[in-house]
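Notes to accompany the following structure.
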Amino acid sequence: MSTTQVFRIWIKATPEKIWTAVTDPEWNARYGYAAPQFYELKKGGKFYSTATQEMKDYSAANGFQIPETIIEGEILEVDEPRRLVQTWRMLMDPSTASEPFTTLTYDIEDAGPGVCRVTITHDVTDAPATGTMIKGAPEAGAEGGGGWAWVLSDLKSLLETGKILAGQ
């Protein structure tokens with residue numbers, strides 16, 4: 001069964017600034033779950049994200065241990081600063097780690113003077129635990145847990161105001 005989830009937001013920023021915020025670990029560690037993401041921006045390049053100290057401390061305090069690399073994948077397509085397609089698999093939870101790689105696509109499109117539409121399309125075919133996780137919890141607040149919708153909102157806040165949803 002094919003399952004695709006689409007998340008979209010409009011951001012007052014240039015495509016280049018949004019691209020940098022998505023692909024540069026100094027930027028992408030500043031919003032969302034604050035775990036730096038590293039991209040080898042070429043077809044067949046590696047993608048991975050590493051656990052933050054806060055994530056490690058939380059898992060240890062709750063009786064489990066997460067791996068150093070919490071998300072992994074491969075770059076399938078790069079059209080800087082407009083489109084990035086990659087595989088994606090969450091490793092920090094046994095249920096998502098046992099699922100096949102999913103496909104994640106970022107599209108950045110001009111939507112008016114100084115505004116871009118950012119669309120994340122995540123094909124979670126045969127990965128139901130990943131599908132549930134990326135959808136996010138409806139009750140999620142500024143501390144996270146809101147999946148891609150929350151990450152996009154936090155990205156928008158950072159680029160437009162210099163602050164993230166948690167107010168940092």
Full working for side-chain contact (heavy atoms from CB on, under 4.5 Å) between E99 and R89: CA-CA 8 Å; E99 294 181 333; R89 181 172 56 189; 5.6 Å; no

Polar contact flag, side-chain donor to acceptor under 3.5 angstrom, H122-T103: no

Validation row, ring centre Y31 to ring centre W150 under 6.0 Å: no

[Y]/[X] salt bridge by N-O under 4.0 Å criterion:
| X | Y | answer |
| --- | --- | --- |
| R82 | D110 | yes |
| E160 | K12 | no |
| E40 | K42 | yes |
| K43 | E77 | no |
| K56 | E68 | yes |

Check: K46 side chain, G73 main-chain N or O, donor-acceptor pair, under 3.5 Å: no

Donor-acceptor under 3.5 Å (S49 side chain, P36 main chain): yes

Write down the atom of [X], the atom of [Y], and the distance for their closest heavy-atom approach.
| X | Y | answer |
| --- | --- | --- |
| P100 | T125 | CG-O, 4.4 Å |
| E26 | R30 | O-CD, 3.2 Å |
| Y39 | N28 | CE1-ND2, 4.1 Å |
| A21 | L155 | CB-CD1, 3.6 Å |
| I11 | I18 | CB-CD1, 4.2 Å |
| I70 | A35 | CD1-CB, 3.7 Å |

For T130, the option from D126, T132, I134 that meets side-chain contact (heavy atoms from CB on, under 4.5 Å): I134

Parallel, tilted or perpendicular: rings of W148 and Y106 (30°, 60°): perpendicular

OH/Y58: more than 12 non-hydrogen atoms of other groups inside 6.0 Å: no

CD/E16: more than 12 non-hydrogen atoms of other groups inside 6.0 Å: yes

